[in-house]
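Within every chain, numbering begins at 1; the chains are lettered A, B, ... in the order of the sequence lines, protein sequences first and strands thereafter.
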2 protein chains.
Amino acid sequence: MGHSQDSKRATHEKVVATAARRFRERGLGGIGIADLMKDVGLTVGGFYKHFASRGELVSQAIEAMDNGWDALFAAAAERGQSKPQLFDALVDGYLATDHRDHPEASGCLFGALSTEIGRSEDEVRAAATGKLQAMLGKLTAVFDDRRSPAARAAAILTYSALVGAISLARATNDESLSQEILATVAKSLKRLLRPEPKHG
Amino acid sequence: MGHSQDSKRATHEKVVATAARRFRERGLGGIGIADLMKDVGLTVGGFYKHFASRGELVSQAIEAMDNGWDALFAAAAERGQSKPQLFDALVDGYLATDHRDHPEASGCLFGALSTEIGRSEDEVRAAATGKLQAMLGKLTAVFDDRRSPAARAAAILTYSALVGAISLARATNDESLSQEILATVAKSLKRLLRPEPKHG
DNA sequence: ATTATCTATAGATCTATAGATAATGC
DNA sequence: ATTATCTATAGATCTATAGATAATGC
């Protein structure tokens with residue numbers, strides 16, 4: 001039994017990370033506190049030394065959800081990819097069958113949880129707002145370094161279409177319809193919204 | 001206490017209609033069977049004479065959810081509206097603040113429930129698939145009577161963007177961001193995807 | 001002395017069923 | 001006789017807390 005400040009911090013992070021996985025996999029109400037602590041290798045009693053309430057855990061888990069875009073941005077920077085190439089990578093990665101089937105593994109929090117977040121308490125929606133603004137900011141930069149209104153609009157439409165498409169692709173049990181949605185939205189976004197290569 | 005076949009049918013429909021409202025308002029797990037029956041004016045014990053399980057109720061409630069598009073199509077036909085006008089009415093109606101704030105009142109089932117449906121049992125996702133195909137079919141006809149591949153693609157992109165936009169607009173607690181999403185996606189869809197008026 | 005974690009449980013759910021009651025419908 | 005609805009409850013959750021235990025950290 002570890003009880004140090006360091007081990008407490010490690011426990012806290014492990015609980016949040018496990019919750020971030022499980023919530024995306026099963027929904028915000030899909031795992032109870034006892035089962036979650038068990039997954040981490042602990043028991044239920046210690047939970048409230050870490051969180052004032054279940055809602056606080058949900059908020060922190062949302063803040064900890066990484067949709068994998070940072071990795072794509074970093075890879076693009078490293079490889080010297082152009083904006084259009086990065087845009088394609090973002091769209092294709094988001095609308096991949098692998099992302100559809102594994103929301104828990106660095107899957108987008110809105111694709112996995114948007115409708116439940118919409119009905120959650122203010123604290124949770126505030127955490128989601130931070131993530132949403134961050135994601136729109138990154139995406140806006142893909143369209144235009146100067147972040148013009150047109151770039152912002154393109155980012156908002158792109159992100160809405162991505163979130164809607166993966167949500168619908170998961171909501172149907174018809175595999176061919178699901179694939180049609182993913183492929184069609186990827187192709188259409190690339191045709192209509194792919195940014196122009198830089199001049200010079 | 002009514003016990004006739006007719007009154008049973010009326011009860012059944014009332015339970016399904018009430019569930020369709022409550023599920024969109026509070027989520028698929030947001031109301032229990034006892035509370036639902038109470039809302040209808042009955043008690044919990046009769047529920048299982050109507051449904052084999054809770055899941056069966058969820059499926060039937062999804063089938064009963066009407067997103068109000070039929071009314072818009074009928075109004076367009078009556079008023080002799082053109083395809084572009086109907087498209088604008090569909091987009092603006094969907095992305096209206098009123099729709100965002102009242103999912104229970106003829107609100108779109110995917111905008112309200114998509115991420116929860118995606119984690120539901122097959123029976124529920126099958127019911128959702130029927131609604132999705134029907135909606136895509138209607139929307140495709142707005143782009144092209146002959147239902148070309150391009151029209152189908154436009155319908156899928158439009159619907160994905162609508163569902164994503166309203167889901168995100170509800171997920172944030174930042175009113176100005178929420179309004180920005182609704183207005184931006186409406187404007188962008190109309191600019192990029194509004195169908196051409198018929199020639200002749 | 002403090003506290004991170006443990007075991008155990010109170011109290012509030014929720015789904016589903018059992019058995020009683022009172023109406024329908026042959 | 002059948003059955004739609006009722007009251008009541010079994011059994012399985014789930015959140016949160018109480019009190020014990022064993023480690024940290026002054």
Side-chain angles (χ1 to χ4, degrees), chain A residues 1-23 25-62 113 116 119-124, chain B residues 1-62 113 116-117 119-124:
Chain A
M1 232 182 285
H3 295 63
S4 69
Q5 286 298 307
D6 270 6
S7 73
K8 186 186 182 184
R9 207 170 301 125
T11 292
H12 189 101
E13 277 169 31
K14 216 168 165 189
V15 172
V16 170
T18 304
R21 279 186 78 85
R22 293 280 182 248
F23 288 155
E25 182 184 340
R26 306 181 196 171
L28 292 182
I31 185 164
I33 291 167
D35 282 346
L36 176 67
M37 293 301 277
K38 201 175 178 181
D39 267 13
V40 175
L42 298 170
T43 60
V44 63
F47 181 85
Y48 290 92
K49 290 276 187 221
H50 290 275
F51 307 96
S53 67
R54 191 183 200 286
E56 191 173 303
L57 166 69
V58 174
S59 298
Q60 292 188 19
I62 283 178
L113 298 167
E116 283 157 279
R119 279 184 292 269
S120 297
E121 54 201 294
D122 201 71
E123 185 188 10
V124 171
Chain B
M1 231 181 283
H3 295 63
S4 69
Q5 286 299 306
D6 271 6
S7 73
K8 186 187 181 183
R9 207 170 303 125
T11 292
H12 189 102
E13 277 169 31
K14 216 168 163 187
V15 171
V16 170
T18 304
R21 280 186 78 86
R22 292 278 181 250
F23 288 155
R24 278 177 292 185
E25 183 184 338
R26 306 182 195 170
L28 293 181
I31 184 163
I33 291 166
D35 281 346
L36 176 66
M37 294 301 276
K38 201 174 179 181
D39 267 14
V40 175
L42 298 171
T43 60
V44 63
F47 180 84
Y48 290 91
K49 290 278 187 214
H50 290 275
F51 308 95
S53 68
R54 191 180 200 285
E56 191 174 303
L57 166 69
V58 174
S59 300
Q60 291 189 20
I62 283 177
L113 298 167
E116 283 157 278
I117 292 170
R119 278 184 292 270
S120 297
E121 52 202 296
D122 201 70
E123 185 189 10
V124 171

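In this structure, dT24(D) forms a base pair with dA1(C), meeting either the Watson-Crick or the G-U wobble geometry with both donor-acceptor distances under 3.5 Å. Searching all strands for a Watson-Crick or G-U wobble partner of dG19(C) with both distances below 3.5 Å returns dC6(D).
Each of Ala34(B) and Gln5(B) lies near DNA chain C, and the nucleotide nearest Ala34(B) is the one positioned closer to the 5' end. Residue whose closest nucleotide on DNA chain D sits further toward the 5' end, between Asp6(A) and Thr43(B): Thr43(B).
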Determine all donor-acceptor pairs shorter than 3.5 Å in which one atom belongs to a side chain in residues 22-46 of chain B; sequence neighbours excluded.
| from | atom 1 | to | atom 2 | distance (Å) |
| --- | --- | --- | --- | --- |
| Arg22(B) | NE | Asp39(B) | OD2 | 2.5 |
| Arg22(B) | NH1 | Glu25(B) | OE1 | 3.0 |
| Arg22(B) | NH2 | Asp39(B) | OD2 | 2.7 |
| Arg24(B) | NE | Ala20(B) | O | 2.9 |
| Arg24(B) | NH1 | Gly107(B) | O | 2.8 |

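Between the CD atom of Glu56(B) and the C1' atom of dT15(C) there is a distance of 15 Å, rounded to whole Å. Put simply, CD1 on Ile31(B) is 13 Å from P on dT13(C), counting in whole angstrom units. At whole-Å resolution of the value, CZ in Arg22(A) and P in dC14(D) are 14 Å apart. At whole-Å resolution of the value, CE in Met37(B) and C1' in dT15(C) are 13 Å apart. The NZ atom of Lys38(A) sits 11 Å away from the P atom of dT7(C) (whole-angstrom rounding).
Taking CD1 from Ile62(B) and CD from Gln60(B), the interatomic distance works out to 11.0 Å, rounded to the nearest 0.5 Å. Atom CD of Glu13(B) sits about 9.5 Å away from atom OG1 of Thr11(B), to the nearest 0.5 Å.
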| task | Let me see the working for Thr18(A) and Arg21(A) under side-chain contact (heavy atoms from CB on, under 4.5 Å), right down to the final yes or no. | result | CA-CA 5 Å; Thr18(A) 304; Arg21(A) 279 186 78 85; 5.7 Å; no
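Of the candidates dT15(D), dG25(C), dA8(D), the closest approach to any side-chain atom of Ile33(A) belongs to dT15(D). Taking the side chain of Lys8(B) as heavy atoms from C-beta on, and the options dC6(C), dA8(C), dA4(D), the nearest nucleotide is dA4(D).
Within the structure, every side-chain polar atom (N or O) of Thr11(A) is placed at least 4.0 Å from both OP1 and OP2 of dA4(C).
Among residue pairs with one or both ends in residues 44-57 of chain A, none qualify as salt bridge (Lys or Arg N to Asp or Glu O under 4.0 Å); sequence neighbours excluded.
Of the residues in residues 45-54 of chain A, those placing a heavy atom less than 4.0 Å from an atom of DNA chain C are Gly45(A), Gly46(A), Lys49(A), His50(A), in numerical order.
Residue-level contact check: Asp35(A) touches the backbone only, with heavy atoms under 4.0 Å from sugar-phosphate atoms and none from bases.
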